[in-house]
Amino acid sequence: MLPTNNPVLSRHRLPQPYRLLLVVFWLLPIGMLTLTAFIGSRGIALDVRLLLMLGLMALPAWYVWQEGVDVLPGGIRVRVYVPRRYAYDDLRAWRVMHWRGERILTIWTQERGKALECHAAHLTDWPLLVRALRENIPGSGGLG
């Protein structure tokens with residue numbers, strides 16, 4: 001496992017227009033609900049229960065915004081579903097598969113579990129990520 005204070009060399013997220021639109025999509029109902037509550041009560045009537053519900057509704061927007069892969073000096077940080085850190089020594093292999101015109105990146109751990117599986121189109125700066133994997137996980141079957 002990697003130390004938590006490693007500097008991030010590069011971040012690979014969903015490309016900006018899609019990422020921003022998904023966050024707006026998830027936050028729009030919160031704004032509409034707040035506006036409706038404001039107009040309906042002719043003033044601000046924020047109850048703790050409403051604030052808790054609005055906070056819960058904002059969680060998917062936060063998840064979409066932070067989801068991705070960070071390249072660190074000693075490994076990678078995968079922020080998909082549950083954030084995890086993998087040292088390069090803990091990773092066994094990686095491979096890019098071409099399927100129906102799409103590139104799918106898969107990274108395996110030493111225990112033969114999948115550390116990451118995602119479409120290349122879902123990550124920014126694809127060549128930089130592939131170069132970091134090629135340099136730090138030698139001998140794996142990356143087709144980049």
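Residue indices begin at 1 and follow the sequence shown.
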For a 4.5 angstrom cut-off between non-hydrogen side-chain atoms, does [X] reach [Y]?
X	Y	answer
Leu33	Leu50	yes
Val80	Tyr63	yes
Leu105	Val69	no
Val78	Ile107	no
Glu67	Leu14	no
Arg77	Arg11	yes

Between [X] and [Y], is there shared hydrophobic-cluster membership here, with clusters defined by ILVMFWY side-chain heavy atoms closer than 4.5 Å?
X	Y	value
Met57	Leu21	no
Ile30	Val64	yes
Phe25	Leu28	no
Tyr81	Leu59	no
Val130	Trp99	no

Looking only at non-hydrogen atoms, find the nearest pair between [X] and [Y] and report the distance.
X	Y	value
Ala115	Thr109	CB-CG2, 3.8 Å
Arg92	Ile137	O-CG2, 3.8 Å
Leu123	Pro15	N-CD, 4.4 Å
Leu133	Trp94	O-NE1, 3.4 Å
Ala132	Val71	CB-CG1, 3.7 Å
Pro73	Pro7	CD-O, 3.0 Å

Donor-acceptor pair, distance only, cut-off 3.5 Å: does the side chain of [X] make one with the backbone of [Y]?
X	Y	answer
Asp90	Tyr86	no
Gln110	Asp89	yes
Arg84	Val82	yes
Arg19	Trp65	yes
Thr124	Arg13	yes

* Pairwise distance CG(Asp70) to CD1(Ile76) - rounded to 0.5 angstrom ->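 Spacing of CG (Asp70) from CD1 (Ile76) equals 9.5 Å.
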
* Take Arg95 and Trp108, measure what side chain to side chain contact (heavy atoms under 4.5 Å, CB included) needs, and give me the verdict at the end. => CA-CA 9 Å; Arg95 183 172 181 162; Trp108 290 276; 3.8 Å; yes

